[in-house]
Amino acid sequence: MASAVSVGALPILRNGGAGAKAKLALVDSLLAEQEVRPCAVLTLRWLARYAGVERALCTAVDLESGRLQGLIGMGLSVAAVDSFSLDLTDRTHPLVVAQAGGEPVAFHDSGHALPRPFETPLGDTSFHAIPLSKAEEDTGPGLLLVSGADDGPVSEDVVWAAELLGVRLAALSYRRFQVDERRHKRERSWLFSIIDAVTDPILLTDADGRILIANTGAETLLTSGEEKREGWRRAVALNNMLFSASIFTNATESGPTRRELLLVDPSEGRDLLFEVLSAPVNVRLGETGVVSVLRNVTDLRRATEEIEENYRRLRIAEAATRAERDRLDLILNSVLDPILVTDPAGNIVRMNPPAERMFTFPRGKRDAEVERRVQANDAVFTSFVSNLYAGQSLRWRGELSLLDPQTGATVPVEAISGKVLSRHGEETAVVTILHDLTEAVEKAQLYEQVKRHSEELKERVREATAELAEQNELLRRQAFQLEQASAMKSQFLANVSHELRTPLNAIMGYTHLMLEGVSGDLTRGQHDKLSRLDANARHLLAVINDLLDIARIESGKMPIQVERVLLSELIDEVMTEVEPLIAGTRLAVSRRLPPELPEIRTDRQKIKQIVLNLLSNALKFTPEGEVSIRLDHDRATGEIAIAVSDTGIGIAEENQKTIFEAFEQANSSYARRQSGTGLGLSICRRLASILDGRITLTSRLGEGSTFTLFLPEGPSQS
Amino acid sequence: MSDAEVELAPLVLVVDDVDHGREIFAEYLEFRGFRVSTACDGLEALEKAFELLPDIILMDLSLPGIDGWEATRRLKDDDRTRAIPVIALTAHALASAHERAWKAGCDAVVTKPCLPKDLEQEVRRHLQARPSKEAHGEP
């Protein structure tokens with residue numbers, strides 16, 4: 001057990017065991033030595049030689065670690081020396097106390113209780129601890145431990161040597177301190193230059209968040225002087241607050257951290273986004289600070305946002321493009337004409353289904369023929385489109401001859417290509433639309449055919465017209481000749497009539513004169529004979545008149561005078577005229593008229609002639625019985641029927657067809673007893689015809705006949 | 001048959017180039033009490049008409065030289081003879097001949113053959129219708 005004993009002050013050169021010469025030699029050798037360890041070695045050697053020290057340990061204060069470290073030992077193992085290390089802040093340790101005391105302290109196991117037990121590097125508990133400096137100095141450069149405290153107080157030579165070593169070590173230490181200080185200053189300025197050179201703000205803060213070190217970038221953000229604007233100062237205050245809060249939030253975390261921090265640019269006032277990298281560091285003994293590096297990521301964030309925005313826009317644009325493309329597809333696919341889009345290299349990049357039909361192989365089975373046609377089409381198309389790429393024009397039009405891949409039929413198409421230019425005028429694509437001309441060609445051919453036929457027709461018409469003209473001319477000539485002939489015939493008839501009438505006039509006239517007694521009285525026989533002559537002359541006149549009528553009708557020279565005719569009146573007149581005829585018979589004559597008879601437009605005289613003729617015939621050819629005249633009006637057809645019926649001799653069926661021909665009388669033997677020219681019915685039928693009417697006959701031989709005159713309400717032509 | 005106190009019977013000018021034509025009507029009309037003068041052609045007819053100023057003229061149309069149509073036209077163009085009725089007496093039966101007669105100014109057209117009795121009736125009808133002279137009684 002060792003206990004500390006105070007020893008008196010140590011003069012530099014005190015008389016002791018060692019001679020002055022020995023002391024001087026130590027002083028010289030120590031002064032000659034510039035390093036701490038050799039000085040300590042020299043001192044321990046000197047102590048062993050001149051002060052009889054057997055074991056000793058020289059320790060020195062390490063300012064950096066604040067500990068007392070073993071420096072060199074004598075009579076000790078190297079490990080024991082190296083392992084000696086004492087914390088100077090442990091103020092309760094006897095050796096720390098001794099080091100601070102400045103006086104030698106004796107430790108021995110004489111019964112003094114030590115406040116605290118400790119290991120001595122010297123191996124026993126009895127030793128002296130001599131500080132290497134004077135007591136008044138704050139901290140000596142070291143402590144010398146020397147064995148042998150039991151032998152009495154420490155020798156003066158030991159104290160002197162320790163003091164000398166202390167002085168020398170202090171001197172060496174001071175010089176080294178100065179060198180270190182200079183070096184530290186230099187390095188410190190380098191360090192500041194380095195961190196100032198870094199544009200990112202760099203800060204060292206203590207545990208309370210106070211700024212210990214800040215580079216220029218950090219100062220700009222977090223410090224301000226009085227000379228700065230108010231806005232600047234406020235911004236700095238705000239930044240400090242934000243930064244402190246940020247540090248505080250992360251204070252509990254150990255190890256490097258990374259976070260984002262939004263600060264204000266004091267000079268411009270805009271927001272700055274920083275990424276803060278923090279790492280804890282030892283600031284000083286037992287105190288931890290934080291180093292923070294702030295990286296300005298504002299631009300990065302902005303760039304990121306821009307990229308995101310651009311990406312978003314791109315997606316919208318993509319969607320719009322897709323929709324546009326879908327719509328375009330719909331449009332393209334709905335077009336029946338083939339449409340192709342080619343890129344500037346001439347490759348087909350888009351086709352609608354009609355185009356696919358012409359320019360792609362059908363899926364499924366391969367057909368060499370089909371493929372050949374498709375390739376042929378492709379070649380034709382490529383050649384066509386190259387026209388456009390080669391030239392400057394924006395459009396190109398042409399007619400191509402393609403093949404139907406399936407049938408091999410030639411398909412004439414009209415192709416129209418157009419360059420699609422970008423906003424900057426670059427050619428981006430060529431769009432080609434093909435229009436099937438088959439129909440047009442067919443139409444054209446058809447048109448040609450029609451035209452040819454039309455021409456032929458025209459030619460024929462021309463020929464026909466010429467022929468017609470010729471015929472017309474011929475007809476005209478013939479008509480002229482006919483007219484002449486007709487005129488000659490009429491003239492002939494007129495002449496015949498005239499030439500017949502003139503002698504007939506003489507015959508009838510003289511007969512008349514004689515019968516009238518102009519030439520004197522006649523005998524009964526003469527009178528009878530003249531009467532026969534008269535009757536025959538009259539008959540001849542009737543024949544001539546009838547012939548003339550027929551001739552006039554046939555030559556179309558029968559004049560027709562259309563007027564309004566009231567049939568009931570006309571019938572009255574006829575009846576009056578035939579009254580003498582009726583009187584000479586014993587026939588019952590009746591007439592029946594409907595209550596309402598329309599007026600008709602016709603030739604009154606001709607109707608009267610017909611009716612008179614029919615009625616006369618009926619009276620003449622009916623020996624007994626009755627004769628009737630009946631009128632009917634068919635409202636549906638507007639036809640008027642005048643029927644004359646008798647109960648006379650009738651007409652045999654075989655004669656009914658010829659009865660209307662000239663000079664025919666059915667019963668010749670009977671007719672011979674009756675006057676008549678045999679021309680009456682012929683004239684009646686002809687007259688009825690020119691009045692748009694007709695006469696029909698129903699008859700039975702021996703039972704009677706009915707002649708019916710049908711007339712329209714008005715003639716179709718006047 | 002006629003005496004001085006009795007007014008002269010109407011004078012009929014019968015124009016016809018055919019002898020029997022003239023003779024029949026002239027004889028019958030004389031027989032019936034008319035005074036009768038005759039002419040054989042148009043020229044003679046005009047001369048007699050202007051000279052005699054007959055009460056009525058029976059004019060055959062087909063005449064040598066001046067025909068009946070022309071003669072009638074001239075008569076109707078002359079103030080002296082305009083009022084004298086002209087009855088065309090013709091064997092022409094066609095309407096065209098009759099039409100021409102009407103146009104020439106004839107007052108009536110009678111087709112031959114014509115019974116002398118019928119002709120007398122026609123003559124009397126015209127004489128009675130004539131406003132300038134008194135109707136003549138039956139001779």
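Order of the sequence lines fixes the chain letters, A, B, ..., with proteins taken first and strands second; residue numbering starts at 1 for each chain.
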Legend entry - Rounded distance (nearest 0.5 Å) linking atom CG of L119(B) with atom NE2 of H512(A): 10.0 Å
Inset, instruction - Walk me through it: do S497(A) and H92(B) pass the test side chain to side chain contact (heavy atoms under 4.5 Å, CB included)? - result: CA-CA 7 Å; S497(A) 169; H92(B) 289 291; over 6 Å; no
Inset, instruction - Identify the heavy atoms of R501(A) and A91(B) that sit nearest to each other, and give their distance. - result: CD-O, 2.9 Å
Legend entry - Crowding at CZ, R82(B) (>12 non-hydrogen neighbours, <6.0 Å): yes
Legend entry - Engaged part of E516(A) at the chain B interface, taking heavy atoms whose separation is under 4.5 Å: both
Inset, instruction - Please name the pair of heavy atoms, one in H20(B) and one in T502(A), separated by the smallest distance, quoted to 0.1 Å. - result: CE1-O, 3.8 Å
Inset, instruction - Quick one: pull up CZ in F25(B) and CG in N505(A) and give me the separation to the nearest 0.5 Å. - result: 4.5 Å
Legend entry - Neighbour count above 12 (heavy atom, 6.0 Å) for D521(A) CG: no
Legend entry - Atom pair CG (L513(A)) and NZ (K117(B)), whose distance is rounded to the nearest 0.5 Å: 12.0 Å
Legend entry - Heavy-atom proximity to chain B below 4.5 Å, by part of T511(A): neither
Inset, instruction - Would you indicate whether E473(A), at its atom CD, is surrounded by more than 12 heavy atoms from other residues, nucleotides or ligands within a distance under 6.0 Å? - result: yes
Legend entry - S519(A) OG to Y28(B) OH distance, which is reported to the nearest 0.5 Å: 12.0 Å
Legend entry - Part of L504(A) within contact of chain B (heavy atom distance under 4.5 Å): both
Legend entry - Euclidean distance, L541(A) CG relative to T111(B) OG1, rounded to 0.5 Å: 9.5 Å
